[in-house]
Amino acid sequence: MGFFQNKTIWITGASSGIGEALAYKFSAGGANLVLSSRRTAELERVRSGCANPERVKVLPLDLVDTASLQDRTAAAIAAFGAIDIMVHNGGISQRSLAIDTGLEIHRQVMELDYFSYVALTNHLLPHFVQKRSGHFVVMSSVMGKLGTPMRSSYAAAKHALHGYFDCLRAETAAQNIQVTVLTPGYIRTNISLNAITGDGSKLGVVGENIGHGLAPEKAAEQILRVIEAGKFETYIGKFGMEKIGLWMSRFFPGFVMRRAPRLAPK
Ligand SMILES: NC(=O)c1ccc[n+]([C@@H]2O[C@H](COP(=O)([O-])OP(=O)(O)OC[C@H]3O[C@@H](n4cnc5c(N)ncnc54)[C@H](OP(=O)(O)O)[C@@H]3O)[C@@H](O)[C@H]2O)c1
């Protein structure tokens, strides 16, 4: 029996990109799924593409509507009686210089990419504690570990995830609760199309790096292996500049910081 057989997995941001690809892989592995994001029709499309659509519950939600997340969590648990793995994945990127980015934009990105993850975790954690098991899988980014131009809000939110989830891992290890933080490089999704700019509009462009990024299906395969191995924190993506940059920033941070001004997104 495969590792994901009969596990129940709740994925946010399941209507597109990495979340969608994960849904197909988990379902093929025999998991029950709860799929969440704002667009119900897109979630239904993903459900019908799953290997076992009868074992997929579509649960629409808006992550920034934090007042609704307690009810949504109760509904997610009720769908199959328990949640085994929560994949915190829904999110938005940002592309603007700090000088052009008002506080409102920073708050918007922080609400979605950081506070919504904390809110859902607060609601789900008592369930994991009660059953003495559970696994949080958290979608950070290479930008959660270093900083380059045009991404100040996004990098700040992703860095915050590491602080929160590293503490949570330390607090809950004795209760058999696992935390895996993923730091993907470029993955070929709609992330840059949907990225918010300094005036609040969408970037609406597929960046060159994203366009040449790893296919989301391949990223999903890597992610399944990492979850099964119970890793604490792992890079997902091609062996490219992002992976080298991550490694360099750990051992030679000054070297990366000196070159960072030239690393504006393409
Ligand atoms: N692609 C990359 O290169 C890359 C690299 C590093 C990290 N990541 C991270 O990977 C995660 C997934 O992104 P992706 O690349 O798959 O991009 P994507 O294709 O744009 O998917 C984003 C997902 O987030 C959902 N979402 C956005 N706002 C939401 C809200 N307010 N409430 C609920 N769901 C919301 C979207 O669904 P709806 O529109 O239906 O709500 C969609 O399913 C993000 O956390 C991103 O930061 C991506």
Side-chain angles (χ1 to χ4, degrees), residues 10-24 34-47 58-69 72 76 86-95 107-117 119-120 137-146 148 151 153-162 165 181-196 202-220 222-223 233-238 240-243 245-246 265-266:
W10 185 10
I11 310 171
T12 67
S15 63
S16 167
I18 301 172
E20 174 177 353
L22 283 172
Y24 300 142
V34 181
L35 303 183
S36 292
S37 81
R38 291 164 303 178
R39 293 171 299 160
T40 310
E42 288 302 300
L43 292 172
E44 288 293 352
R45 177 186 60 76
V46 175
R47 190 181 73 81
V58 164
L59 183 67
L61 57 74
D62 186 342
L63 284 166
V64 295
D65 180 10
T66 42
S68 71
L69 296 182
R72 300 282 87 184
M86 158 101 252
V87 183
H88 283 299
N89 168 74
I92 194 171
S93 190
Q94 163 261 345
R95 295 294 156 78
R107 284 196 197 279
Q108 251 178 275
V109 175
M110 211 69 185
E111 285 295 336
L112 179 51
D113 289 355
Y114 176 65
F115 284 113
S116 79
Y117 285 37
L120 273 188
V137 178
V138 183
M139 202 61 71
S140 174
S141 164
V142 168
M143 284 297 114
K145 301 300 280 185
L146 49 88
T148 60
R151 288 181 164 112
S153 322
Y154 183 66
K158 295 297 192 185
H159 272 72
L161 289 174
H162 288 264
F165 281 101
V181 183
L182 305 170
T183 58
Y186 299 114
I187 314 293
R188 214 182 312 137
T189 70
N190 291 334
I191 191 82
S192 66
L193 267 181
N194 293 327
I196 192 171
K202 279 189 183 184
L203 184 68
V205 171
V206 179
E208 190 184 321
N209 288 328
I210 295 290
H212 291 121
L214 186 68
E217 309 78 63
K218 295 280 177 206
Q222 292 182 6
I223 292 168
E233 183 182 301
T234 309
Y235 172 81
I236 300 294
K238 288 183 175 173
M241 281 314 293
E242 318 98 280
K243 184 165 187 174
L246 259 188
K266 285 191 278 179

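Hydrogens, waters and symmetry mates are skipped; everything else that's a heavy atom, side chains included, is used. As the structure lists them, so they are numbered: ligands from 1, and atoms in each ligand from 1. This chain uses plain numbering: 1 for the first residue, then up along the sequence.
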Inset, instruction - Report yes if some heavy atom in the side chain of M86 is under 4.5 Å from a heavy atom in the side chain of V137; otherwise report no. - result: no
Inset, instruction - List for me each residue that meets salt bridge (Lys or Arg N to Asp or Glu O under 4.0 Å) alongside E20, sequence neighbours excluded, and say none if there are none. - result: R45
Inset, instruction - Kindly write out the residues that satisfy side-chain hydrogen bond (donor to acceptor under 3.5 Å, both in side chains) with N209, not counting sequence neighbours, or none if the list is empty. - result: Y186
Legend entry - Neighbouring protein residues of ligand 1 - any heavy atom closer than 4.0 Å: G13, A14, S15, S16, G17, I18, S37, R38, R39, L61, D62, L63, N89, G90, G91, L112, Y117, M139, S140, S141, Y154, K158, P184, G185, Y186, I187, T189, N190, I191, N194, I210
Inset, instruction - Measure the shortest side-chain to side-chain distance between L193 and L203 over non-hydrogen atoms and say whether it is less than 4.5 angstrom. - result: no
Inset, instruction - Indicate yes or no: at least one non-hydrogen side-chain atom of P184 is less than 4.5 angstrom from one of M139. - result: yes
Legend entry - Listed partners of K238 passing salt bridge (Lys or Arg N to Asp or Glu O under 4.0 Å), at least two apart: none
